[in-house]
Student: 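Next up is a structure, given as structure tokens.
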2 protein chains.
Amino acid sequence: MTRQQTKDRILDAAEKLYAEYGFAETSTRAITHAAGVNLAAVNYHFGSKEGLFRDLVARRFDPINAERIARLDALEALGEPSLEQVLEALVAPILALRLNDPRGAGLLVQITGRLTSPKQTHTDELGEIFRKTSERFMAALRRCIPELGEREQLWRLNCTIGVMIGTMLDPHGFLQKEADSDELHFEREVLADIIAFLAAGLRAPSRNTSQETRHG
Amino acid sequence: MTRQQTKDRILDAAEKLYAEYGFAETSTRAITHAAGVNLAAVNYHFGSKEGLFRDLVARRFDPINAERIARLDALEALGEPSLEQVLEALVAPILALRLNDPRGAGLLVQITGRLTSPKQTHTDELGEIFRKTSERFMAALRRCIPELGEREQLWRLNCTIGVMIGTMLDPHGFLQKEADSDELHFEREVLADIIAFLAAGLRAPSRNTSQETRHG
DNA sequence: GTCTATAAACGGATAGAC
DNA sequence: GTCTATCCGTTTATAGAC
């Protein structure tokens, strides 16, 4: 077995186990057993359990974030993109991964939904992986809702992140494809749903102009 | 020290540690040390580490869910409530807890945002605590958007849950109160923001009527 | 009820043979 | 590069004294 094959088998096994049981609840022993490799291989190839996690997340999210930024670059080269266009650049790449490989890569996407707490163990590694993408899209989205104050803009972006986390976690299994469904059509429908929901929420009138109209 | 005092000190200490470090990363030793009680007290009073967690969640969420249902009962007794009214009954109780006791109870609210995965360890316990409330509000919200198909209704409720998780987690610390802010005013503003965002998203036109209009 | 002491198992990591 | 064997700290849980 080559070096890369061993690494890939470990990464694949760890991805499934982390998604199913969580990071702390998954032992190195369980990973190497599931991968069919020796216990010492994790430390040999990744240095530590933490190193394995870092490589695991980077393997999946570096390509996604690169595609997101490339899409945003292409949009901004043509002028000021619409809110829907920015949202599509943000959501489409990760939704495609989530839908098209639910047993492998898609599981990893689920994991990250649980790793957003301020003092969580892996915040530093994750922060570095997402920092550049996060800054670019925060700025682009804020330019799409200039009529709101900064506080309201940021709060609504927080809600947007929540929707994305909810999509990734998919606690009710809505994203399970039916056997006979047209995959590409299904993906487009879900994408359109998410964008419609987020665009409407982000464009909702400011509380400064409609605060007292929300009852009945 | 009385029986109840010991239990409360353990619950308070566990709540803070779970919120900060997560469940698996927090040892019984750390909890009993922080609580100033003996190591054996956790197993004596709660049976196991799992039993402690169950009691911990129930202590905070049973009152919240009771208030949510009481609010919904009161609304439905008067007729068919508006979407905004149902959302307020759902969000206001938990937001109040999240804001008014950020160091104690509010932290527990953060924890649950990480415990929504299908096969997560505590899904059964959490599911039982939230099941009744979830069913009531799912039905009430769906009656507010009858023009959508069932699939779209459920998907948008999934997005709604995502926003609530994002609010509870508050990864950017937006909910940290400034020292000089008017607490009640701040809470009303945040509540109005969340409701406005969710109501707009839930009411967004169906993809059946506007699917191809989303590009700039 | 509370405590000390300890059981029994599991964790990540590594040394050294091959 | 891969493997076996092992180190050593930590974990939950419990038995039994007080």
Student: Any donor and acceptor pair, going by atom type alone, linking the side chain of A:Gln85 with main-chain N or O of A:Ser82 inside 3.5 Å?
Tutor: yes
Student: Are A:Ser27 and C:dC10 close enough that a side-chain N or O sits under 4.0 Å from OP1 or OP2?
Tutor: no
Student: Under a 3.5 Å cut-off on both pairing distances, which runs of 3 or more consecutive Watson-Crick or G-U pairs involve DNA chain C?
Tutor: C:1-10 with D:9-18, C:12-18 with D:1-7
Student: In whole angstrom, give the distance that lies between atom CD of B:Gln5 and atom C1' of C:dT2.
Tutor: 14 Å
Student: Could you give the CG-to-P distance, from A:Leu39 to C:dC10, as a whole number of Å?
Tutor: 14 Å
Student: Quickly work out the B:Ile31 CD1 to D:dA13 P distance and round it to whole Å.
Tutor: 11 Å
Student: How many whole angstroms separate atom NE2 of A:His45 from atom P of C:dA13?
Tutor: 15 Å
Student: So, A:Thr32 side chain and A:Thr28 main chain: donor-acceptor pair closer than 3.5 Å or not?
Tutor: yes
Student: Does A:Thr6 place a side-chain N or O at less than 4.0 Å from the phosphate oxygens OP1/OP2 of D:dT2?
Tutor: yes
Student: For the side chain of A:Lys49 and the backbone of A:Phe23, is there at least one donor-acceptor N/O pair under 3.5 Å apart?
Tutor: yes
Student: Considering only side-chain heavy atoms of A:Asn43, which listed nucleotide, C:dA5, C:dA13, D:dT2, is closest?
Tutor: C:dA13
Student: Calculate the interatomic distance between A:Asn38 atom CG and D:dT2 atom P; express it in whole Å.
Tutor: 9 Å
Student: May I ask you to say what B:Thr26 touches in the nucleic acid, namely base, sugar-phosphate or nothing, with a heavy-atom cut-off under 4.0 Å?
Tutor: sugar-phosphate
Student: Could you check whether B:Arg54 pairs with B:Glu50 (Lys NZ or Arg NE/NH1/NH2 to Asp/Glu carboxylate O, under 4.0 Å)?
Tutor: no
Student: Which of these nucleotides, C:dT2, D:dT2, C:dT4, is closest to any side-chain atom of B:Tyr44?
Tutor: C:dT2
Student: Once the angle between the rings of A:Tyr18 and A:Phe53 is folded into 0 to 90°, is it parallel (under 30°), tilted (30 to 60°) or perpendicular (over 60°)?
Tutor: tilted
Student: Give a yes or no answer on whether the side chain of A:Gln153 reaches the backbone of A:Ile145 with a donor-acceptor pair at less than 3.5 Å.
Tutor: yes
Student: Figure out the CZ/P separation between A:Arg29 and D:dT4, and round it to whole Å.
Tutor: 13 Å
Student: Between C1' on C:dG1 and CZ on B:Phe46, what's the gap in Å once rounded to a whole number?
Tutor: 14 Å
Student: Donor-acceptor pair, A:Arg142 side chain versus A:Glu150 backbone, under 3.5 Å?
Tutor: no
Student: Given C:dT14, C:dA13, C:dC3, which nucleotide is nearest the side-chain atoms of A:Lys49?
Tutor: C:dA13
Student: Starting at CZ of A:Arg3 and ending at P of D:dC3, how long is that distance when rounded to a whole Å?
Tutor: 14 Å
